[in-house]
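One structure is given here, and the rest of the page talks about it.
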2 protein chains.
Amino acid sequence: MDTTQRTEQQRSADRRRRELLEAADRVVLRDGPQASMNAIAAEAGITKPILYRHFGDKGGLYAALAKRHTDALLDSLRAALDAPADRRERVEATLDTYLAAIEARPQVYRFLMHPAEGGQPGDPGFDVGKHSAPLLRRMGEELATVIEERLDLGPGTQQLARVWGHGIVGMMHAAGDWWLGERPCSRAELVHSLADLLWGRLAAAGDRMGGPGF
Amino acid sequence: MDTTQRTEQQRSADRRRRELLEAADRVVLRDGPQASMNAIAAEAGITKPILYRHFGDKGGLYAALAKRHTDALLDSLRAALDAPADRRERVEATLDTYLAAIEARPQVYRFLMHPAEGGQPGDPGFDVGKHSAPLLRRMGEELATVIEERLDLGPGTQQLARVWGHGIVGMMHAAGDWWLGERPCSRAELVHSLADLLWGRLAAAGDRMGGPGF
DNA sequence: AACTAGGGTTACCGCAAGTAACAAGCATCA
DNA sequence: TGATGCTTGTTACTTGCGGTAACCCTAGTT
């Protein structure tokens, strides 16, 4: 049981794991989230049990796959969030980064957002919360910490920052999802409209004639 | 082929359909979205093929089920949106109505939001967009029309209203989902925080010391 | 040569979706 | 009266996927 040897094996396993993930990636990109384990195994040039040895179950594989993409996306979002510019410009850059990402690889996006269930047929109880897309949660928390770090919101900053983090991410996500489906306007227009919303233009807008305003 | 007779049969079929939906509802409420067709049929006191005769496939049943709840929720949201009060109060009432609904029946909420896929293994192509939760889309469109009707946003109102509709709904949804999982604060606090966000407090907030503001 | 470790495969189980094919109850029509 | 059809229901099957058990084979160690 030599240490270097053990490390060597570890490395080999890790490399294999990465290869498998890349194969899985190709299949998911082609077939969507409902890609079967058989298909993924075939793409990787092997058979099912190996996948199960590496990832435990389908959820494990999908989680690993999701983590890769999520990490990548979060990195680029962080970059946009940290750019040297004023607040509005940064917000717009962040929105644009996100939208560009989902625009570039819709299949990946769909896979990340709709991992399709997470409860076993055997498990009777299942708790609401863990689900939804983990990506959304992570982005929300990430944004929350950024807001909390950089904004002065008086007492209750922490709570407020978290609510806003998740809220803004949700806004971005839903608008992006809709936009991706209908393409009613350019990306830049969408970004601008959303930033306007965050900048309070909703509250500032005037009523239309007839009846009390919204 | 008498008309009245045909109507009679139609009515009978509709009643049966409603009964089946109610049974399905109970099962989904108990077992979550991964409830099996067998279980639903058993709950209704019948067997699978009848369900398939009425709803085509599982997707059909789920769509019918989702429509019921979605309609109900949309009705209460419309009521909140139409209440006689000023804009901020209405927004808060609407947020609160939504949150109260998901708080009261988390299982239903989860079912509506994560219908679990929509693509057949046979269909090779599948387009991003149709998916996501139809509920989100419907709420977004609904809110968009309300905004467009009541707010004067100058040229481009229509586009802006739709973006905002979907964006606000997404904000509400993501924040609600997170809140439901962690319960970090009271419903009222959440509502207030979200309304503050929409009222531009993000843009108005001061920077914290050190580095440029968010 | 004998033994063990990993990477690999075949062949299977269980279970859920979906589909014939068949069996009443009950009206209508010759 | 009986034959005809339509709706309602059933049993029994097929297919396909997630997941697993049992076995195989090659390489390196002693």
Side-chain angles (χ1 to χ4, degrees), chain A residues 1-21 23-24 27-28 31-65 115-124 126, chain B residues 1-20 23-24 27-28 31-65 115-124:
Chain A
M1 231 206 272
D2 192 340
T3 302
T4 60
Q5 184 177 0
R6 181 162 181 75
T7 303
E8 185 50 42
Q9 287 175 190
Q10 196 85 336
R11 281 188 148 259
S12 163
D14 280 10
R15 234 190 38 230
R16 197 88 186 86
R17 187 186 162 95
R18 224 168 309 159
E19 288 172 17
L20 296 183
L21 276 179
V27 176
V28 166
D31 296 354
Q34 23 110 43
S36 82
M37 292 300 262
N38 260 325
I40 294 174
E43 170 71 29
I46 46 146
T47 50
K48 269 194 300 177
I50 305 187
L51 286 181
Y52 285 94
R53 281 229 255 276
H54 275 270
F55 302 103
D57 63 354
K58 190 173 188 171
L61 202 178
Y62 275 37
L65 210 52
E117 109 274 19
Q120 252 44 255
D123 292 356
F126 84 49
Chain B
M1 239 208 274
D2 193 340
T3 302
T4 61
Q5 183 177 0
R6 180 162 182 76
T7 304
E8 182 52 41
Q9 286 175 191
Q10 196 86 335
R11 282 188 148 260
S12 163
D14 280 9
R15 236 190 35 233
R16 196 85 188 93
R17 188 186 160 96
R18 225 167 308 159
E19 289 171 16
L20 297 184
V27 176
V28 167
D31 297 354
Q34 23 106 39
S36 83
M37 293 299 262
N38 260 326
I40 293 173
E43 171 71 29
I46 48 149
T47 51
K48 268 193 302 177
I50 306 187
L51 286 182
Y52 284 94
R53 279 231 255 276
H54 275 270
F55 302 103
D57 63 353
K58 191 171 187 172
L61 202 178
Y62 275 36
L65 209 53
E117 108 277 17
Q120 250 47 252
D123 292 356

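Side chains are part of it too, since the values below use all heavy atoms of this structure and drop only hydrogens, waters and symmetry mates.
- Rounding to whole angstrom units, CZ of residue A:Phe55 and P of D:dG19 are separated by 14 Å.
- A rotation axis mapping the C1' atoms of four pairs onto the next four is fitted at both ends of the helix from C:dA1-D:dT30 to C:dA30-D:dT1 over five pairs, and the angle between these axes is 30° to 10 degrees.
- Of the residues in residues 37-53 of chain A, A:Met37, A:Lys48, A:Pro49, A:Tyr52 come within less than 4.0 Å of DNA chain D through at least one heavy atom, sorted by number.
- Here the P atom of nucleotide D:dG16 and the NZ atom of A:Lys58 are 15 Å apart, to the nearest Å.
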Enumerate, atom names and distances included, each donor-acceptor pair closer than 3.5 Å involving a side-chain atom of residues 37-50 of chain B, sequence neighbours excluded.
{"unit_1": "B:Glu43", "atom_1": "OE1", "unit_2": "B:Arg30", "atom_2": "NH2", "d": "3.3"}
{"unit_1": "B:Glu43", "atom_1": "OE2", "unit_2": "B:Arg26", "atom_2": "NE", "d": "2.6"}
{"unit_1": "B:Glu43", "atom_1": "OE2", "unit_2": "B:Arg26", "atom_2": "NH2", "d": "3.3"}

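- For the pair A:Gln34 CD and D:dG16 C1', the interatomic distance rounds to 13 Å; values are reported in whole Å.
- Residues B:Val28 and B:Tyr62 share a closest heavy-atom pair of CG2-OH, 4.5 Å.
- When each of B:Ser36 and A:His54 is assigned the nucleotide of DNA chain C with its nearest heavy atom, A:His54 is the one assigned upstream, toward the 5' end.
- Going from atom CG of A:Asp31 over to atom C1' of D:dC17 covers 14 Å, rounded to whole Å.
- Distance CG (B:Leu20) to P (D:dT8): 10 Å, rounded to an integer number of Å.
- Contacts of B:Arg16 classified as side chain to side chain donor-acceptor pair (under 3.5 Å), with partners at least two apart in sequence or in another chain: B:Glu19.
- Rounded to an integer number of Å, the gap from CG of A:Leu61 to C1' of D:dG19 is 13 Å.
- Under 4.0 angstrom from either OP1 or OP2 of D:dG9 there lies at least one side-chain N or O belonging to B:Arg16.
- Residues forming a side chain to side chain contact (heavy atoms under 4.5 Å, CB included) with A:Arg17 (at least two apart in sequence, or on another chain): A:His54, A:Phe55, A:Ala64.
- Taking CG of A:Leu21 as the reference point, atom CG of A:Leu51 lies at 9.5 Å (rounded to 0.5 Å).
- Between the OH atom of A:Tyr62 and the P atom of D:dG18 there is a distance of 7 Å, given to the nearest Å.
- Residues forming a salt bridge (charged side-chain N to carboxylate O under 4.0 Å, His left out) with B:Arg53 (at least two apart in sequence, or on another chain): none.
- Proximity of A:Arg15 to the phosphate of C:dG7: no side-chain N or O atom is located under 4.0 Å from OP1 or OP2.
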